[in-house]
There are 2 protein chains.
Amino acid sequence: MDPHLLATFVAVARHGSFSAAAAELGYTQSAISQQIAALEADLGLVLLSRRPVEPTPAGARLLEHAGPLLLRLRAARADVLRAAAPPRHRLRLAATALAVNPVLAARLALARAEQPRLEVSLHIGDRARIGAMVAEGEADLGLADGIAAPSDPLRLPDTGPMTAAGVTEAALVVALPAGHPLAGRASLRLADLADARWLQTPLCPLERLRDLVGEGFRAGLDYQGDDVYTVVNLVAAGHGLTLLPVSALPGASAGPVRGVALAFPRLVHRVELLHGALPPGPAADLARVLSG
Amino acid sequence: MDPHLLATFVAVARHGSFSAAAAELGYTQSAISQQIAALEADLGLVLLSRRPVEPTPAGARLLEHAGPLLLRLRAARADVLRAAAPPRHRLRLAATALAVNPVLAARLALARAEQPRLEVSLHIGDRARIGAMVAEGEADLGLADGIAAPSDPLRLPDTGPMTAAGVTEAALVVALPAGHPLAGRASLRLADLADARWLQTPLCPLERLRDLVGEGFRAGLDYQGDDVYTVVNLVAAGHGLTLLPVSALPGASAGPVRGVALAFPRLVHRVELLHGALPPGPAADLARVLSG
DNA sequence: GGTGCTTACGCAGCACGTAATAATC
DNA sequence: GATTATTACGTGCTGCGTAAGCACC
């Protein structure tokens, strides 16, 4: 179970071809063939069916393990190196689309005011990408958002040993078209909206709602992006409802979308700060300021 | 970051000696020295101070990663092999001390009645041990218990990719000495008992309570065992209070210990079934019966 | 001076590339 | 017959053990 062989196996499975994997990894086809043979001999199992090259059931099982395993290996390396590296002034901050809310944007401004030498670049990605970037040292700090019960941690995908701490929790509202029959209510229960049509978005995945409340929440439009502007416009046009942090709704009073407070279950929009080793220095200072 | 070198590094750090690690691993001192040198050269960091042999800060950081990493590697191997192995009739069941409650004991009896050929051995250990046993294939199934909010998963230590599913949830009671002023109450709020003295036990760790409720919960006696008989006797003798599943309290009415229902926060004693790959066979059948 | 880590050196095994072979489309 | 995996074989490198060296107790 040499990680080197595991990486080769993953590449072959991804390409569905020994030669393509060889090209990617800078080996000859022959070397790849020998590596796969070695891995199969080690486990005593056939991992790939040839022609076409596809994982066998055992190979598929191994594939599920291999990715996270290799990520953790890279993450461990990055973490140890980062802990020992000299402090950096050029910090990379990775965040999901809704994570940089007004509070955190203000804290970031505060940190930059306090440390004039600090340079920050901000990178947006999905949750798994944020986790992987922080784990592998591509980002110094990460901010991930999600829907959770108050003071409950987010259920982030396991990307290795790193620290995740909640930094902000904000009220969630149901985003409804202004003309919606329920748009005038002071508050709503999620269960009352189980029969409505909902947007399926990364910001508010419907299976999460079903987890929390139960059946229902039919998918309307499936939006595979993460910018709030589009989502709001989709809601306004009646493609479906969604949950948003109150700060994400535009122009409080007028406008084509209404936000109605969520009375039950009690849910919040939670943002967590992710980081690995933080030796004293700008990164640790920024983490402190962002934590409030 | 060859896992082989990582394992050597862990052994050296554990023994505080190159030669002792060499003896354990079946190498010469020289080989160990070269392996550590290779690892240090790879990372560009000194991982161990020599004479005495102790981890440097960077080495300590690496040690935190190395254990889980190596566990995951063994777990992945065990999981793939298990998925491909022929079905076994001799099953090993690993459980924490409070996990085999009346419901699960009955389900286990049911499974044995349904499958006369089934042989089961039951092994008790702490949570981390249970997780590791299941991950590495030393046990076919695991049962772990803990305190959680209703239908919330337990926060089990990460021991790699395996399935954890709740199987039972039972009411929790506060165990009080019969003479305790509050022993007559119909129910109690945990916050009202924050000023009392509590047993510190693996079954009911006080930091978990502080997590859920807040400050307080002074530690009385620290009991580092996990048998309920002793715990009950310690409570009766006034060493401190503790939370137990209602089924763990002896003889409902009389006796030196009273159990009082927990009104708030709503907490349950939850048991989760852990397993890796489960190909059709006795192990999968047993898992199905245990799940109810 | 003894214990214990490091360095030097030689050898064996292994993993790669080249090239020939076999198998599938 | 073209493409692609496997097998055969030669080579260079890596990693081990033996043994000498060196440092700290």
Side-chain angles (χ1 to χ4, degrees), chain A residues 1-60 62-63 66 69-70 73-74 76-77 80 84, chain B residues 1-60 62-63 66 69-70 73-74 77 84:
Chain A
M1 291 274 296
D2 179 353
H4 184 208
L5 302 184
L6 233 41
T8 300
F9 173 63
V10 171
V12 171
R14 189 175 58 245
H15 285 102
S17 154
F18 282 51
S19 18
E24 179 193 321
L25 299 174
Y27 286 107
T28 58
Q29 297 160 355
S30 167
I32 301 299
S33 179
Q34 293 175 59
Q35 288 179 19
I36 297 298
L39 189 59
E40 290 183 331
D42 174 36
L43 291 171
L45 298 169
V46 178
L47 299 172
L48 293 167
S49 70
R50 320 299 154 97
R51 228 176 289 264
V53 173
E54 275 180 350
T56 62
L62 182 58
L63 269 183
L69 208 51
L70 294 172
L73 207 57
R74 291 191 302 271
R77 184 188 178 83
V80 172
Chain B
M1 290 274 296
D2 180 353
H4 186 207
L5 302 184
L6 232 42
T8 299
F9 173 63
V10 171
V12 170
R14 189 176 56 245
H15 285 101
S17 154
F18 282 51
S19 17
E24 179 194 320
L25 300 174
Y27 287 107
T28 58
Q29 295 165 0
S30 167
I32 301 300
S33 179
Q34 292 175 59
Q35 288 180 19
I36 297 298
L39 189 59
E40 289 184 331
D42 174 36
L43 291 171
L45 297 169
V46 178
L47 299 172
L48 293 167
S49 69
R50 320 297 154 98
R51 224 178 291 265
V53 173
E54 275 179 350
T56 61
L62 182 58
L63 269 182
L69 208 51
L70 294 172
L73 206 57
R74 291 191 302 271
R77 183 187 179 84

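Reminder, nothing fancy here: chain letters follow the sequence lines and each chain counts from 1. Note: hydrogens, waters and symmetry copies are ignored here, and every other heavy atom, side chains too, is used. From a predicted model like this one, the values you see are computed outputs, not experimental measurements.
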Closest to the B:S33 side chain, choosing from C:dT6, C:dA8, C:dG17: C:dT6
B:L63 side, atom CG; B:R14 side, atom CZ - distance, nearest 0.5 Å: 10.0 Å
Length of the CD1-C1' vector between B:I32 and C:dT7, whole Å: 16 Å
Whole-Å gap separating C1' (C:dC5) and CD1 (B:I36): 12 Å
Worked check of side chain to side chain contact (heavy atoms under 4.5 Å, CB included) between B:M1 and B:L62: CA-CA 10 Å; B:M1 290 274 296; B:L62 182 58; 4.2 Å; yes
Most 5' of A:P52 and A:A38 on DNA chain C, judged by nearest nucleotide: A:A38
Atom-to-atom span, CD of B:Q34 to P of C:dC9 - whole angstrom: 13 Å
Polar side-chain contact A:T28-C:dT18 base: donor and acceptor under 3.5 Å: no
Residues in salt bridge (Lys or Arg N to Asp or Glu O under 4.0 Å) contact with B:E54, at least two apart in sequence or another chain: none
Spacing between B:Q35 atom CD and C:dC5 atom C1', to the nearest angstrom: 14 Å
Atom-pair distance (CZ on A:R50; C1' on C:dC25), nearest Å: 18 Å
Rounded interatomic separation in angstrom, taking NE2 from A:H4 and C1' from C:dA15: 10 Å
Distance-minimising heavy-atom pair for B:V46 and B:A58: O-CB, 4.3 Å
For B:A21 against B:A11, the heavy-atom pair lying closest together: CB-C, 3.9 Å
Contacting residues from residues 6-25 of chain B, given that a heavy atom lies under 4.0 angstrom of DNA chain D: none
Span of DNA chain D in contact with chain B (heavy atoms, under 4.0 Å): D:dC16 to D:dC24
Phosphate-side-chain proximity, A:Q29 and C:dT18, N/O vs OP1/OP2 below 4.0 Å: no
Option from A:V10, A:I36, A:L39 for which side chain to side chain contact (heavy atoms under 4.5 Å, CB included) with A:L5 holds: A:L39
Under 3.5 Å donor-acceptor, B:T8 side chain and B:Q35 backbone: no
Separation between OG1 of B:T28 and CD of B:Q34, rounded to the nearest 0.5 Å: 7.0 Å
Residues A:S19 and A:S17: side-chain donor-acceptor under 3.5 angstrom: yes
